[in-house]
Amino acid sequence: MRQLIIASALILLGCGNIDAQIDPVSEVLQNCIEAAGGREAIDNLQVIHTIDSLSMAGLSGTTESWWVKEPFMGFSITKLGPVQQELLILGDSVWTIDRNGHLSSGGAEARDEMALSKRTIFYDYLFNASTITISEDTLIGDVLAVPLEMNCAQDVVMFISRETWLPVLNTAKTMGLEVRSYPDNYESVQGIISSMSSRSVIPAFGQEIVTENILTEYNIPVPESLFTLTSRSGDWKLEDPGTPITFYLRGEHIYLEGEVNGTSVNILLDSGAGATVLDSTLASDLELAGSGRLPVMGIGGTREFSFVKVPSYSVAGALLSDQYLAVIPLAEEFYPSTGERIDLILGYDFLSRFVTRIDYGLETITLFDPDSFLIPPDITVLPAVRTMSLLSVEAVLEDSIPIKLLLDTGAGGCIHLTPGFFEKHPDFLQNRPSFETEVRGIGGEESILGFRVSSVTLGDFTVPGGICSSFDGGDIFNQFDGILGAGILSRFIVYLNYNSSSVFLEPSALFHEGLPETLTGMGLEIAGNELIIRNIIEGSPSDDAGVIKGDILLEIDGHQVSSEQLNEIHDLLPDTTNVPVILKVLREGCEIELELITGRLIP
């Protein structure tokens, strides 16, 4: 939905106090002012009201926007297929209501949109040449255009036709992704030349948004009580706030029992998920029909999802009603690598309703009503930033490198560093031992480089960094230095408070020892009824023992294993180094016994 807001904001490009001396920038801006309707018409603009139809990802809908110049206020409501979102800007404050009716202060991307809107909606930027840089002319299709780059808004460029002096292309970045908007069909509305249609493209997703103007009007009376938002989210009940509920920690992931429409389900808790996600097979079994084909990006790439309206689901003492959830084939995606048939992923839609306490040591989750929650005394408070519906916190790597990390309970491992981090610190891996392996995420598999980090500091705590990795993840993750996973989080009792954009930490029972590291270097996956060796880390204990990719694992120290035991394998393997383990594997029809000596992948 964010792309739609940006696209509509960039369509209304306009004008503002040009210096008496005419330099190249001022000359271009003066031409833009005249083309848009002239200084007098623009100065007289006080209220803008637009309604546009839109189509995206197989869905259609409308977006309605109101803007007031003084004091600056903006309100938009977007309805796309079955979902609706609202945005309210009041001066320097921004608020949103998400698709499930939850009211919250706007995240980083909404605040960026607020800052951009204040400079563009009423054409202010065109009256201050110091805010604009022009580049060499370029061809947009067959139109010669001059690029205007906004100095006060990163990555915002407007390409102005040299013939009409109106925008033919606007580009911006949101959540690390480029958005291109092509305004067209200009008409005069009350003396202001306005775009009547636009086509916006998100190249990373191959996604196109088409808007057609239904109504544009200026300086009309503003309806009373327009610039207020009221939460529609009386959609949850918490039976017994503050009561711990047991979860199961398997493969560094948190699993809970729950129900969807009265059907028992297996649930993964994932603070790295920007939406709560339902398995497509379960949705079909429950006769819940999906709408749309929207993209989602995760480690491993991008895939499509749709929306369904779920009458109810319950977990950890909470009951949520009438929720719009994303739908993806979760069981198909994750069962081979986890041994868990995941029916539901609890993401932002769920977590933002509560203050959530996660105790990795005791394996319990506790939900609190945010309105009555009291911060425990003597606890470490980490200010957080909400971006893409996810929380990020600041940390320090190896006592000297400040980093910004997405907090992701759904990510195994310790810290996964992005290409953006390595661009800032190109020598970080120099002379540092490493290994290559693969990880699986929502979009598929991705090759990563593993290495050891000596320490990471979060607030008052410094803990071993453990085995960390580099990963690509695409542009959407490059605005962060990395992802903070369960290998670090498990050392703490973690409180997630989306309402105040903060994270609270106190030591858990795992604070000193953490979760055990892998001491074998082999990855397993399920194929039919068999456990297949999916990958072997070069130079690891498994590699030294002679295990190869494609072997079928039959026994560990005489204990037979099957596909149903994938998430129990760690219980059969030693958690200390230099321990011999006898593996029986099937290779090309022959059973082979191999001796593996456990050891750290990197000293």
For the student: nearest non-hydrogen atoms of A172 and V156, plus distance: CB-CG2, 4.1 Å
When rounded to the nearest 0.5 angstrom, what distance separates CD1 in I89 from CZ in F227? 10.0 Å
Determine the minimum heavy-atom distance between D359 and F247, stating which atoms define it. O-CZ, 3.6 Å
Please report the shortest heavy-atom distance between P244 and T366, naming the atom on each side. CA-OG1, 3.3 Å
Distance from L489 atom CG to I415 atom CD1, nearest 0.5 Å? 9.5 Å
Tell me, with the steps shown, if S65 and S76 meet side-chain hydrogen bond (donor to acceptor under 3.5 Å, both in side chains). CA-CA 4 Å; S65 301; S76 69; 4.7 Å; no
Using a 6.0 Å cut-off, check whether atom CG of L215 has over 12 heavy atoms from anything other than its own residue. yes
CD/E239: more than 12 non-hydrogen atoms of other groups inside 6.0 Å: no
Looking at S508 and S490, would you say the former's side chain and the latter's main chain have a donor-acceptor pair under 3.5 Å? yes
More than 12 heavy atoms from other groups under 6.0 Å of CD on E257: no
Using a 3.5 Å distance criterion without hydrogens, assess whether the side chain of N261 forms a donor-acceptor pair with backbone atoms of S312. yes
Using modelled atom types only, decide if a donor and an acceptor are shared between the side chain of E568 and the backbone of L566 within a distance under 3.5 Å. no
Going through the checks in order, is the side-chain contact (heavy atoms from CB on, under 4.5 Å) test met by S470 and F421? CA-CA 9 Å; S470 65; F421 170 85; over 6 Å; no
Nearest-0.5 Å distance, OG1 of residue T356 to CD1 of residue I358: 6.5 Å
Can you confirm whether more than 12 heavy atoms, excluding those of E506, are under 6.0 Å from its CD atom? yes
Would you call the rings of H253 and Y255 parallel, tilted or perpendicular, taking 30° and 60° as the class edges? perpendicular
Can you tell me if Q85 uses its side chain to pair, donor with acceptor, with the backbone of T96 under 3.5 Å? no
Passes side-chain contact (heavy atoms from CB on, under 4.5 Å), L346 versus Y313? Steps please. CA-CA 11 Å; L346 289 182; Y313 71 88; 3.8 Å; yes
Is the side chain of S271 donor-acceptor paired with the backbone N or O of L407 at a distance under 3.5 Å, no angle test? yes
Is it the case that atom CD in E178 sees more than 12 heavy atoms from other parts of the structure closer than 6.0 Å? yes
Could you walk me through whether L320 and T276 pass the side-chain contact (heavy atoms from CB on, under 4.5 Å) check? CA-CA 12 Å; L320 282 82; T276 294; over 6 Å; no
Any side-chain heavy-atom pair from H416 and D408 closer than 4.5 angstrom? no
Find out whether Y498 and P370 are in side-chain contact, i.e. whether some heavy atom of one side chain is under 4.5 Å from a heavy atom of the other. no
Are the charged groups of D98 and R353 less than 4.0 angstrom apart, N to O? yes
Hey, does S195 have a side-chain heavy atom less than 4.5 Å from the side chain of N213? no
Any sub-3.5 Å donor-acceptor pair from N497's side-chain atoms to V355's backbone N or O? no
Side-chain donor-acceptor pair under 3.5 Å between N266 and E340, yes or no? yes
Please work out whether the ring planes of H49 and W66 are parallel, tilted or perpendicular, with thresholds of 30° and 60°. parallel
Do side-chain atoms of N185 reach the backbone of M196 as a donor and acceptor pair under 3.5 angstrom? no
Atom OG in S93, atom CE in M114: separation rounded to 0.5 Å? 7.0 Å
Test V315 against every option in I267, L344, L269, L367 by the side-chain contact (heavy atoms from CB on, under 4.5 Å) rule and name the one that passes. I267
I want to check something: taking the side chain as every heavy atom from C-beta on, are M388 and Y348 in contact at a cut-off of under 4.5 Å? no
Any side-chain heavy-atom pair from L288 and L278 closer than 4.5 angstrom? yes
For a quick test of reading the model, state the closest non-hydrogen atom pair linking L515 to A486 and the distance between them. CD1-O, 4.0 Å
All heavy atoms of L325 vs all of V310, minimum pair found to be CD1-CG2, 3.6 Å
Test item: S197 side-chain N/O and T211 main-chain N/O as donor-acceptor pair under 3.5 Å: no
Please lay out, stage by stage, how R341 and D279 fare under the test salt bridge (Lys or Arg N to Asp or Glu O under 4.0 Å). CA-CA 9 Å; R341 297 193 182 277; D279 175 56; over 6 Å; no
Rounded distance [0.5 Å steps], OG in S337 versus CZ in R534: 6.5 Å
F122 vs I48, test: side-chain contact (heavy atoms from CB on, under 4.5 Å). Steps then yes/no. CA-CA 9 Å; F122 288 98; I48 298 173; 3.8 Å; yes
Do L330 and D343 have side chains that approach each other closer than 4.5 Å (heavy atoms only, starting at C-beta)? no
Quick check: do L417 and C468 have side-chain heavy atoms less than 4.5 Å from each other? no
So, do I375 and Y495 sit near enough that their side-chain heavy atoms are less than 4.5 Å apart? no
